[in-house]
Student: 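I'd like to ask some things about the structure below.
What you see is a predicted model; the values in this text were computed from it and never measured.
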Amino acid sequence: MNLDGAEAVVQEALDFLSDSSGPVAIHAGHFMLVAKGDTCAPTVAIDSGTEPIDSNGNPLRHRLSQFTLETWRLGATLAAELRASDRQAELLTLVNDWQYLRSSTLPNANTLRHEFYASNPKPFASFMTILEHVGLDETAIMTLGRWNPFVSESWLRRRIERRFKRLIATDDRLATRLAVQRHFDGSQCLVFDDFGRACRLLVCGQSDCAGEVMELIYMLYEQGYRRLVNFIPKECETPVNEGTRRAIALFRLGDFAALNIALPCIAAGCSPNGAAASPSNSRVFADPPPGPGGEIEAVVEYLHKKVG
C-alpha cells in the first residue's frame, strides 16, 4: 500500500473513533499457520528482511505474507497516533491456526499449534521493528487469552462452542425458541434469527468464522473495550461483519462499535496493481431494537439473561 493509501486508512479509523474516548482494541497482523515437515510455520517472516519458507525451504508466497506486515504497520501507526493523544490503544493479532492444521488430515495438529505458541512467547522481530519505528514497544500489545502475544482462532472457536452448548443444555426451551435442526448424523445445528436475519451459531456442534468474532468481541467488552478497529482479509469481510452484528445483538453490547477494514491479500512477490490501496470499510454498530412484543426480542432477551 502506498503512503497516501495508508494515511487515508488511518484517518478513516481516527474519524470513526472521534465520537468516543474509551480504550481502543486494534486487530492487525493476521496470519496463518501451515504445516512444515514435523512442525508448523507462520505465513509471515519472523525476522525483518527475511521471507517465510515452505517445508522444502522455498519462499512461501502466501496470500497473507504481505497483508500481515502491511496491516501490522497500519495498526501500529494508528495505535501510536491514539497514544500520542493520551488515549488507551492496544494491538492484538488473530492467528488462523485451523485451516491448514486440521486434525482430520493432520493427527498431530493440536501438538503443532501448542509447540508454535510455546516457542513464540514474544512478538516476532519483524513486528517489533515496525512498533519501534513508530515509537512503541511490547506494552502496546494487549494480553488476551492463553497464548500471548497472539490469539488462537481455534481457541476462540472452542470457547464460543462451549458457551452456546451450555445454553442448549441448561434449558430445553432454547431448542424451540431457536429452531434447532437435526442433521443426518444426529448432531444439531443451532439457528438464530437476529432481527429477521437467519444465521447459524453452531453447525454440527462447531462454530465458524463469525462465531470466533463473536467470542473475541465478548472478551474485549469484558476487558473494557468499546471500540474495535479490525484489519481483516477481504475474503473474510462477510463472516466478520456478520459475527460483529451477532455479538452486539446477542450479548446486548449497545455501546460497542467496530470498524472492519477489509483489505485484499496480495501474495509476497506479486504485483498488487493498486488493489491493496482500495479497502472496503464497514462500520458496525448496535442494531435498532425490534418492535415491542416481537418473538425475536423475546429470544434476544432470553439469551441475554442466560449469558449475563
Student: Looking only at heavy atoms, which two atoms of Thr39 and Leu112 are closest? And how far apart?
Tutor: CA-CD2, 3.5 Å
Student: For the residue pair Gln223 and Thr143, establish whether any side-chain heavy-atom pair is separated by less than 4.5 Å.
Tutor: no
Student: Is any side-chain heavy atom of Thr244 less than 4.5 Å from a side-chain heavy atom of Asn230?
Tutor: no
Student: Take Phe231 and Val9, measure what side-chain contact (heavy atoms from CB on, under 4.5 Å) needs, and give me the verdict at the end.
Tutor: CA-CA 10 Å; Phe231 293 100; Val9 171; 3.5 Å; yes
Student: Just by modelled atom types, is the Trp98 backbone N or O under 3.5 Å from a matching donor or acceptor in the Arg157 side chain?
Tutor: no
Student: I need the Asn96 CG to Cys236 SG distance, nearest 0.5 Å.
Tutor: 7.5 Å
Student: State, with a plain yes or no, whether a side-chain heavy atom of Arg159 is found less than 4.5 Å away from one of Tyr218.
Tutor: no
Student: Any chance you could measure Met214, atom CE, to Leu253, atom CG, to the nearest 0.5 Å?
Tutor: 9.0 Å
Student: Kindly compute the distance separating CG (Leu263) from CD (Glu235), expressed to the nearest 0.5 Å.
Tutor: 12.0 Å
Student: Kindly indicate, with the supporting measurements, whether the criterion side-chain contact (heavy atoms from CB on, under 4.5 Å) is fulfilled by Glu215 and Arg158.
Tutor: CA-CA 9 Å; Glu215 183 63 24; Arg158 300 297 85 78; over 6 Å; no
Student: Can you confirm whether Val213 sits close enough to Arg246 that some side-chain heavy atom of one is under 4.5 Å from a side-chain heavy atom of the other?
Tutor: no
Student: Short question: side chain of Thr93, backbone of Ala28 - any donor-acceptor pair under 3.5 Å?
Tutor: yes
Student: Could you tabulate the donor-acceptor pairs under 3.5 Å formed by side-chain atoms of residues 75-86, not counting sequence neighbours?
Tutor:
unit_1: Thr77; atom_1: OG1; unit_2: Arg73; atom_2: O; d: 2.8
unit_1: Arg83; atom_1: NE; unit_2: Ala89; atom_2: O; d: 2.9
unit_1: Arg83; atom_1: NH2; unit_2: Ala89; atom_2: O; d: 3.2
unit_1: Arg83; atom_1: NH2; unit_2: Glu90; atom_2: OE2; d: 3.4
unit_1: Arg83; atom_1: NH2; unit_2: Thr139; atom_2: O; d: 3.2
unit_1: Ser85; atom_1: OG; unit_2: Leu82; atom_2: O; d: 2.8

Student: Using a 4.5 Å cut-off on heavy atoms from C-beta on, say whether the side chain of Leu17 contacts that of Leu259.
Tutor: no
Student: Rounded to the nearest 0.5 Å, what's the gap from NE2 on His27 to CG on Leu228? Could you check?
Tutor: 9.0 Å
Student: I want to check something: taking the side chain as every heavy atom from C-beta on, are Leu33 and Pro42 in contact at a cut-off of under 4.5 Å?
Tutor: yes
Student: Run Leu74 and Ile261 through side-chain contact (heavy atoms from CB on, under 4.5 Å) and show every step you take.
Tutor: CA-CA 11 Å; Leu74 288 170; Ile261 301 177; over 6 Å; no
Student: Between Pro239 and Cys209, what is the shortest heavy-atom contact and its length?
Tutor: CB-CB, 3.9 Å
Student: Extract all donor-acceptor atom pairs below 3.5 Å that involve side chains of residues 116-124 and protein atoms in other chains or at least two apart in sequence.
Tutor:
unit_1: Tyr117; atom_1: OH; unit_2: Asp97; atom_2: OD2; d: 2.7
unit_1: Ser119; atom_1: OG; unit_2: Glu115; atom_2: O; d: 2.8
unit_1: Ser119; atom_1: OG; unit_2: Phe116; atom_2: O; d: 3.0
unit_1: Asn120; atom_1: ND2; unit_2: Phe116; atom_2: O; d: 2.9

Student: Are Thr111 and His114 side-chain neighbours, meaning at least one heavy-atom pair lies under 4.5 Å?
Tutor: no
Student: If you look at every heavy atom in Trp72 and Phe127, which pair is closest and at what distance?
Tutor: NE1-O, 3.1 Å
Student: If every non-hydrogen atom of Gly224 is compared with every non-hydrogen atom of Pro23, which pair is closest and at what distance?
Tutor: O-CG, 3.3 Å
Student: More than 12 foreign heavy atoms under 6.0 Å from NE2 of His133: is that the case here?
Tutor: no
Student: What pair of heavy atoms forms the shortest contact from Pro233 to Ala262, and how long is it?
Tutor: O-CB, 4.4 Å
Student: Between Arg87 and Ser20, is there a side-chain donor-acceptor contact under 3.5 Å, judged purely by atom types and distance?
Tutor: yes
Student: Which atoms form the tightest heavy-atom contact between Phe31 and Thr68, and what is the distance?
Tutor: CB-OG1, 3.6 Å
Student: For the backbone of Ile232 and the side chain of His30, can you confirm whether one donor and one acceptor N or O come within less than 3.5 Å of each other?
Tutor: no
Student: How long is the gap from CD1 on Ile248 to CD1 on Ile217, to the nearest 0.5 Å?
Tutor: 6.0 Å
Student: Roughly how far, to the nearest 0.5 Å, is the CZ atom of Arg113 from the OG atom of Ser152?
Tutor: 7.0 Å
Student: Decide if atom CG of Asp15 counts as having more than 12 heavy atoms of other residues, nucleotides or ligands within a radius under 6.0 Å.
Tutor: yes
Student: Do the numbers put Arg227 on top of the ring of Phe256, so that NZ or CZ is under 6.0 Å from the six-membered ring centre and no more than 45° off the axis?
Tutor: no
